[in-house]
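Structure first, then comments.
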Amino acid sequence: MRIISGRFKGQQIASPQSVTRPTTDRAKEAIFSHLESHGFLAEARVLDLYAGTGALGFEALSRGAKLLIAVEANAAAAGLIGKTAQEILKNPASDGVSIRVMRGKAEKFAEKFAPKARESAENRAFDVVFIDPPYAVSTQDCNNLIEKLISAGIVAQNGTVMIERSSRSDDISPPLGWQISQRKTYGETVVFYLENQE
């Protein structure tokens with residue numbers, strides 16, 4: 001698995017195949033085409049929950065984002081994200097790029113991050129939030145997570161949340177004041193983009 005476009009194009013991404021479900025290249029290219037066309041990635045602060053290999057977050061950095069926090073519960077996967085991060089930060093093109101890998105459950109992130117949300121530059125709201133949970137995670141749990149992130153001020157008012165689900169799952173229900181701006185299906189995968197209605 002490699003970064004497919006941008007300043008880190010071709011960078012290999014370490015992948016523990018037994019514990020992750022990487023986004024297909026077709027879906028990834030479509031996701032980033034959407035984000036780039038809407039201007040979400042330039043100098044963006046990115047949060048990658050259920051990060052897996054970190055591929056979504058790293059692709060965002062390659063295409064112009066400046067900060068990535070990747071959250072992954074599995075120790076082996078989190079370790080490999082850290083390994084890829086070290087390789088990216090060795091690249092001369094990484095000047096000004098910041099990467100932080102956190103081992104832990106996505107569901108706990110809002111609780112830990114929210115009290116610090118205004119304390120420092122690193123803890124400001126995110127412009128792009130990726131949520132790519134295992135398909136076994138229920139839609140209601142996904143809805144609850146999104147609600148927590150938004151109510152805690154973790155998602156910027158003009159930001160976007162991208163969530164990837166099985167095409168057999170129920171549709172996501174956005175929190176009050178937010179809407180599904182786009183829904184796209186790629187084989188067995190469905191991708192939702194949530195944005196503030198204002």
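The analysis underlying the following values was restricted to heavy atoms, covering all of them including side chains, and did not include hydrogens, waters or symmetry mates.
The nearest pair of heavy atoms linking Glu72 to Ala51 is OE1-N, 3.4 Å. Between Pro134 and Arg165, the shortest heavy-atom contact is O-NH1, 3.9 Å. Ile172 and Cys142 get closest at one heavy-atom pair: CD1-CB, 3.9 Å. Pairing each heavy atom of Ala77 with each of Gly52, the nearest pair is CB-O, 3.6 Å. In terms of heavy atoms, Val71 sits closest to Gly104 at CG1-O, 3.5 Å. For Ala60 against Leu41, the heavy-atom pair with the smallest separation is CB-CD2, 4.0 Å.
In this structure, CD on Gln182 lies 11.0 Å from CD1 on Ile31, to the nearest 0.5 angstrom. Here the straight-line distance linking atom CZ of Phe130 with atom CG of Leu68 works out to 9.0 Å at 0.5 Å rounding. From Phe109, atom CZ reaches atom CG of Leu47 across 4.5 Å, with rounding to the nearest 0.5 Å. If you take CG on Asp48 and CZ on Phe58, they are separated by 8.5 Å, rounding to the nearest 0.5 Å. With rounding to the nearest 0.5 Å, the separation of OG in Ser5 from CD in Glu36 is 6.5 Å. The CE atom of Met102 lies 6.5 Å from the CD1 atom of Ile69; values are rounded to the nearest 0.5 Å.
Ile4 and Val191 are assigned to two separate hydrophobic clusters, defined by single-linkage of ILVMFWY side chains at heavy-atom distances under 4.5 Å.
In this structure a side-chain-to-backbone donor-acceptor pair under 3.5 Å is present from Ser37 to Ser33. Between the side chain of Ser166 and the backbone N or O of Tyr135, no donor-acceptor pair lies under 3.5 Å. Side-chain N or O atoms of Gln179 include none that pairs as donor or acceptor with a backbone N or O of Pro174 at under 3.5 Å. A donor-acceptor pair is defined here as one N or O able to donate and one able to accept, closer than 3.5 Å; no such pair exists between the side chain of Glu59 and the backbone of Ile3. Looking only at distances, no side-chain donor or acceptor of Arg2 sits under 3.5 Å from a matching main-chain atom of Gln11.
Evaluation of the side chain to side chain donor-acceptor pair (under 3.5 Å) rule for Asp141 yields Ser138 as partners, not counting sequence neighbours. In this structure, the salt bridge (Lys or Arg N to Asp or Glu O under 4.0 Å) partners of Arg183, at least two apart in sequence or on a different chain, are Asp171. Partners of Lys9 according to the side chain to side chain contact (heavy atoms under 4.5 Å, CB included) rule, which considers only residues two or more places apart in sequence or in another chain, do not exist here.
A 4.5 Å side-chain heavy-atom check between Ile163 and Leu145 finds every atom pair outside the cut-off. Considering only heavy atoms from C-beta on, Gln140 stays 4.5 Å or farther from Ser173 through its side chain.
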**Message:** Between Leu35 and Met162, is the side-chain contact (heavy atoms from CB on, under 4.5 Å) condition met? List the steps.
**Reply:** CA-CA 10 Å; Leu35 294 174; Met162 185 234 77; 5.6 Å; no
Q.
If you apply the rule side-chain contact (heavy atoms from CB on, under 4.5 Å), what do you find for Val190 with Ser169, and how did you get there?
A. CA-CA 9 Å; Val190 60; Ser169 301; 5.9 Å; no
| field | side-chain contact (heavy atoms from CB on, under 4.5 Å) between Leu149 and Ile131, worked out | value | CA-CA 11 Å; Leu149 294 170; Ile131 304 175; 3.9 Å; yes
Run the side-chain donor-acceptor check on residues 82-89: report pairs under 3.5 Å with partners two or more places apart or on a different chain.
from: Thr84; atom 1: OG1; to: Ala14; atom 2: N; distance (Å): 3.2
from: Thr84; atom 1: OG1; to: Leu80; atom 2: O; distance (Å): 3.2
from: Glu87; atom 1: OE2; to: Lys90; atom 2: NZ; distance (Å): 3.3

Under 3.5 Å, which donor-acceptor pairs link side chains of residues 151-161 to any protein atom two or more places apart or in another chain?
from: Ser151; atom 1: OG; to: Glu147; atom 2: O; distance (Å): 2.9
from: Ser151; atom 1: OG; to: Lys148; atom 2: O; distance (Å): 3.2
from: Gln157; atom 1: OE1; to: Asn196; atom 2: ND2; distance (Å): 2.6
from: Thr160; atom 1: OG1; to: Leu194; atom 2: O; distance (Å): 3.3

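Evaluation of the ring pair (Phe, Tyr, Trp, His ring centres under 6.0 Å) test over residues 33-54, restricted to residues two or more places apart or in two chains, returns His34-His38, His34-Tyr193.
By the 4.0 Å N-to-carboxylate-O rule, Arg26 lies too far from Glu188 to be salt-bridged with it.
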